[in-house]
Amino acid sequence: MKGARFVSVVLRRADLRTAFPPRFVARLKGRTVARLDRRAKYLLAVLSSGDTLLMHLGMSGSFRVERAARTVPHDHVVFHMSSGRSVSFNDPRRFGLMDLLTPRQLAAHATLSRLGPEPLSAAFDAAALARACRGKKTSLKAALLDQRVVAGLGNIYVVEALYLARLSPLRRASTIATPSGAPRPAAFRLAAAIKTVLEDAIARTSKPYRQSDRFQVYDRAGERCRTPRCMGSIAQRTQAGRTSYYCPVCQR
DNA sequence: ATTGAGACCTGTCGGC
DNA sequence: TGCCGACAGGTCTCAA
């Protein structure tokens, strides 16, 4: 899409998680994609008009880039680009999102403007994590899912990071910081674990992997804990509406 | 202000 | 084999 122009835009279904803004198609048509960006789980295409096309895949969304556009079930939006490629947005569950924001709307966006640091950036470290968790009465699990604490972690990677850091998902978020907000040792372990888990996941996206080895704890209720010398078995419970998997023995 | 629960929607899977 | 309920990797809103 980068450097290409929207020749035509087909809305095959205009009710994703939110409705498309007025004149969505007209405002895209003829514009060039100046830049493609990502913030947390949001994709942003900055257009020659100054507007930004904001996209989110939800739980089941995906894009397909093709030279000759096919149509498959659940294709909701198709961009025909001047490069000769078509870009199809497919989303069975329709939790995805597309919006078109003016520069003013982008700057004031309620969700985007409140997002925490990117977990793989230098801005995210033990000190930043501790500061964000300071005084939080909620669980570590809920805190890490809160996109204002750290941006872009979902349920699986929160579960995996807590396991690697040997921290219980049930533990109070505030306990990784001192009362003044300085990082305790747990904050260093957790920040490092988050980076490791994400880097590993990204490295694996380009390689074939065995489905069964994707995760260390996620979806492994009842299995032996894989931490060396730990005799625990993986427990499962619901927190804040999401499923946590953890070892009650080595995660404290 | 913070927190948890419910809502959104469809596909898949396990159990009967 | 077929039906049915439970559940799913994410936000977002609302009410306590």
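Lettering follows sequence order; numbering is per chain, from 1. All values reported here derive from a predicted model rather than from experimental measurement.
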Give every pair of a protein N or O atom and an N or O atom of nucleotides 3-6 of chain C that lie under 3.5 Å apart, one pair per line with the distance.
none

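An OP1 or OP2 oxygen of dC8(B) is reached within less than 4.0 angstrom by no side-chain nitrogen or oxygen of Arg93(A). Checking the phosphate oxygens (OP1, OP2) of dT10(B), a side-chain nitrogen or oxygen of Arg94(A) falls inside 4.0 Å. Listed pair His56(A) / dT11(C) meets the phosphate criterion, a side-chain N or O lying under 4.0 Å from OP1 or OP2.
Seen from the ring of Tyr42(A), Arg39(A) does not count as a face-on cation partner, given the 6.0 Å and 45° thresholds.
Considering only side-chain atoms of Ala142(A), the nucleotide from dT10(B), dC12(C), dG4(B) that sits closest is dG4(B). Nearest nucleotide to the Pro92(A) side chain, out of dG11(B), dA8(C), dG10(C): dG11(B). Residue Lys41(A) has its side chain nearest to dG10(C) when only dT10(B), dA8(C), dG10(C) are considered. Candidate nucleotides dA8(C), dC8(B), dT11(C) were compared by shortest atom distance to the side chain of Phe95(A), and dC8(B) ranks first.
Between Arg31(A) and Asp51(A), no side-chain nitrogen of the basic residue sits less than 4.0 Å from a carboxylate oxygen of the acidic one, so the salt-bridge criterion is not met.
Distance check on atom P: dC7(C) versus dA5(B) gives 15 Å, rounded to whole Å. If you take atom P in dA6(C) and the same atom in dG6(B), they sit 14 Å apart, rounded to whole Å. For dC12(C) and dG11(B), the P atoms lie 23 Å apart once the distance is rounded to whole Å.
A donor atom on one side chain and an acceptor atom on the other are found under 3.5 Å apart for Ser244(A) and Lys141(A). Between the side chains of Gln251(A) and Ser168(A), no donor-acceptor pair is found at a separation under 3.5 Å.
DNA chain B lies under 4.0 Å from at least one heavy atom of each of the following residues of residues 123-139 of chain A: Lys136(A), Lys137(A), Thr138(A). Looking at residues 145-158 of chain A, you'll see Gln147(A), Gly154(A), Asn155(A), Ile156(A) sit with a heavy atom under 4.0 Å from some atom of DNA chain C.
Note: CG (Leu144(A)) to P (dG10(C)) measures 13 Å, nearest angstrom.
Heavy atoms of other residues, nucleotides or ligands lying less than 6.0 angstrom from CZ of Arg224(A) number more than 12.
Judged by closest nucleotide on DNA chain C, Gln236(A) is the one of Arg17(A) and Gln236(A) placed further toward the 5' end.
With sequence neighbours excluded, the residues satisfying side-chain contact (heavy atoms from CB on, under 4.5 Å) with Arg94(A) are Arg13(A), Asp15(A), Leu16(A), His76(A). Scanning for side-chain contact (heavy atoms from CB on, under 4.5 Å) contacts around Asp75(A) gives Arg12(A), Arg64(A), Thr71(A), Val72(A), Ser88(A), Asn90(A), with sequence neighbours left out.
The aromatic rings of Phe63(A) and Phe89(A) sit tilted, their planes meeting at an angle between 30° and 60°.
For DNA chain B, runs of at least 3 consecutive pairs of the Watson-Crick or G-U wobble type, with both hydrogen-bonding distances under 3.5 angstrom, map to B:2-8 with C:10-16, B:10-16 with C:2-8.
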